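Data block below; observations after.
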2 protein chains.
Amino acid sequence: MDTVDPQHLRTFVTVTRLGSFSEAARELGYTQSAVSQQIAALEADLGAGLLNRRPVGPTEAGRRLLEHAAPLLVRLEAARADVARLAGAPSTRLVLGATPLAVGPELGRALGEVRRAYPAAELVVRVLAQGVLPAQAATGEVDLALIDGLAAPSDPLPLPDVGPLATRAVDEQPVAVALPAGHPLAGRSGVALADLSAARWLDAPDLTPTAARLRAAAGVDGFRPATRYRGTDVHGLLALVATGHGLTLLPASALADAPGVASAPIAAPRLVHRTELVHGSLPEGPAALLARLLGA
Amino acid sequence: MDTVDPQHLRTFVTVTRLGSFSEAARELGYTQSAVSQQIAALEADLGAGLLNRRPVGPTEAGRRLLEHAAPLLVRLEAARADVARLAGAPSTRLVLGATPLAVGPELGRALGEVRRAYPAAELVVRVLAQGVLPAQAATGEVDLALIDGLAAPSDPLPLPDVGPLATRAVDEQPVAVALPAGHPLAGRSGVALADLSAARWLDAPDLTPTAARLRAAAGVDGFRPATRYRGTDVHGLLALVATGHGLTLLPASALADAPGVASAPIAAPRLVHRTELVHGSLPEGPAALLARLLGA
DNA sequence: GGTGTCCATCAACTTTTCTGATCGAGGGGT
DNA sequence: ACCCCTCGATCAGAAAAGTTGATGGACACC
């Protein structure tokens with residue numbers, strides 16, 4: 001063997017995930033014997049013990065390998081998906097993955113046109129957290145991904161690199177901080193992000209930039225999250241803002257008419273809330289059409 | 001087959017690079033027959049033609065696959081190297097990769113200490129362009145990489161993602177623009193990068209940020225490079241600056257006493273020239289020591 | 001039109017990988 | 001304390017995959 005065998009890698013991650021050779025064998029459709037031999041072969045190939053047996057768990061080297069394995073398998077899958085889509089029959093199905101804030105009237109209009117052009121097509125919109133979307137776009141679980149996030153005006157969004165993906169900005173909004181109505185800063189024409197570092201923050205990692213991102217953008221410490229909000233809906237988050245649980249950054253458009261919530265645009269540093277369209281190769285059909293519509 | 005076979009991928013890359021099945025076979029140590037069958041297997045597996053024969057060249061799908069293949073093979077190699085280093089015998093050899101501007105007195109002092117602690121160790125300093133260093137650190141061609149570049153004060157350097165690498169800042173310098181002596185801006189206490197967008201620029205991609213990076217940082221168009229400078233030495237570049245071939249950004253310390261060259265610090269946007277230490281797992285020995293010394 | 005190079009194909013062989021059976025070790029229940 | 005059951009390792013044989021060497025057809029160059 002010259003390169004690490006991905007099959008073995010897949011078996012290895014399955015074993016560590018399930019904590020059992022036998023269960024991994026069942027899940028992968030092998031015999032327990034095969035799994036045992038695959039792990040042995042991998043350990044021999046790399047010249048290091050990867051798993052402690054009884055109880056089954058990764059060693060130091062195994063943990064290191066795990067960090068490599070997951071992205072590797074994703075990219076392997078992405079390569080297959082990318083080529084397959086390019087060669088496959090034009091698909092009649094369109095799966096659009098999107099972060100919650102990326103779904104807006106513009107997308108609705110574009111989807112309407114797709115509907116008109118392909119009346120028989122099956123359209124699926126899947127709302128997902130930002131973190132998983134690039135991988136889903138790469139592996140073809142979604143045909144197109146609409147991802148929103150915070151960035152400097154001329155930087156691209158900081159997305160994880162999961163392979164060669166095409167990226168294009170489709171929308172930019174000013175960034176504003178969501179405040180409870182009556183907050184002293186409400187209605188101010190511009191606020192410096194750094195001045196907010198001491199405030200209580202709502203950390204909604206599936207929805208808006210995390211505290212760590214804010215620290216980086218503002219160049220100061222602080223932004224200690226008071227409450228963590230897991231979920232992909234804006235409504236609930238704004239309700240918490242209205243009741244004083246903390247502040248959050250959102251695109252100005254999302255704050256237009258939320259009850260009990262005021263806002264103030266962020267003046268410094270220069271940030272924008274950008275929505276980007278991300279995709280690998282596009283199967284001819286509704287997906288390609290939607291990409292063209294959103295790009296224009 | 002369930003995942004794409006990396007062996008096939010490697011063969012495919014070699015065939016496209018050499019434009020010949022037979023030559024690829026020779027280089028890889030196979031028979032021509034084996035190469036032919038590997039390509040056929042890969043095409044069957046992915047369900048798409050990848051190569052045009054006679055003349056041999058990638059198809060549309062093949063080109064797409066090539067974009068995936070190279071990073072994939074690097075990461076596969078990186079996984080092996082990372083684990084092997086962790087398990088292997090403590091190395092007596094230290095290969096340090098560094099961008100030219102990362103080599104300075106501080107590094108010299110640290111290397112001296114390493115020398116003292118490991119008198120018998122073989123120390124190698126390899127100066128390389130920024131672009132290739134992360135991959136070399138990941139695959140173990142260098143044990144440690146010192147990479148310098150331009151970034152916002154609290155952003156990490158924008159490095160290509162080639163796998164899980166540890167990163168730590170070891171030095172930060174103000175950024176200055178190198179000017180020919182007598183230039184109207186020479187000696188000014190602060191210059192806005194955007195004001196320089198119309199100037200003639202020296203593009204030295206192996207040494208300093210490229211024009212594209214400047215455009216992104218300044219948020220304006222411009223920075224059209226007048227002359228391209230390939231190479232990793234600062235001396236020659238500064239000579240060109242002195243003779244009026246164009247401007248370049250460099251860390252302030254590199255400009256201290258260059259003959260015929262003046263400078264002015266960049267005041268806006270807030271940028272720093274940062275040197276980061278990048279490495280995978282560290283083999284016990286001189287490499288680990290140097291990492292500790294530079295980290296402190 | 002001959003000739004040489006190049007890739008595809010085929011059958012035989014080799015190597016690798018999987019299965020099914022068996023073994024010893026360890027944990028839990030009685 | 002003993003038994004029993006589950007778990008992973010190991011081994012031999014079977015199955016699968018990959019490689020070689022020989023051969024054939026297509027194309028380019030002389």
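As the structure is a prediction and not an experimental result, all values here were calculated from the model. Chain letters run A, B, ... following the sequence lines, proteins first, then strands; residues in each count from 1.
Nearest nucleotide to the B:A34 side chain, out of D:dT20, C:dC18, C:dT9: D:dT20. Here the side chain of A:S33 is nearest to one of D:dT10, D:dT19, C:dC7, namely D:dT10.
Residue A:F21 contributes atom CZ, which lies 21 Å from atom P of C:dC23 at whole-angstrom precision. The nearest whole Å value for the distance from the CD atom in A:E43 to the P atom in D:dG8 is 13 Å. Here C:dT19 presents its P atom at 11 Å from CG of A:L28, a figure rounded to the nearest Å. Going from atom CZ of A:R53 over to atom P of C:dG27 covers 16 Å, rounded to whole Å. C:dT5 atom C1' lies 11 Å from atom CZ of B:R26, rounded to whole Å. C:dC7 atom C1' lies 15 Å from atom CD of B:Q38, rounded to whole Å. The distance from atom CD of B:Q32 to atom P of D:dA22 is 13 Å, rounded to the nearest whole Å. Rounded to a whole Å, the CG atom of B:D5 is 14 Å from the C1' atom of D:dA16.
Residues A:V35 and A:V15 form a side-chain contact, since some pair of their non-hydrogen atoms from C-beta on lies under 4.5 Å apart.
Judged by distance alone, with hydrogens and angles left aside, A:Q37 brings a side-chain donor or acceptor within reach of the base of C:dT19, the pair sitting under 3.5 Å.
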Open item on the list: Under the criterion salt bridge (Lys or Arg N to Asp or Glu O under 4.0 Å), I'd like the reasoning laid out for A:D143 against A:R85: C-alpha separation, chi angles, the key distance, then a yes or no.
Closed with: CA-CA 9 Å; A:D143 298 308; A:R85 256 174 312 182; 5.1 Å; no

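Within the 4.0 angstrom heavy-atom criterion, base atoms lie near B:T31. Within 4.0 Å of B:V56, counting heavy atoms only, lie sugar-phosphate atoms of the nucleic acid but no base atom. Among the protein residues, A:S22 comes within range of the sugar-phosphate backbone only, with heavy atoms under 4.0 Å from sugar or phosphate atoms but none that close to a base.
Here the rule is side-chain contact (heavy atoms from CB on, under 4.5 Å) with B:L144, and of B:L282, B:V278, B:L294 only B:L282 fits it.
Note on A:E67 versus B:R75: no salt bridge recorded, every NZ/NE/NH1/NH2 to OD/OE distance being 4.0 Å or above.
Minimum interatomic distance between A:P6 and B:T3 (heavy atoms only, all atoms of both residues): CB-OG1, 3.6 Å.
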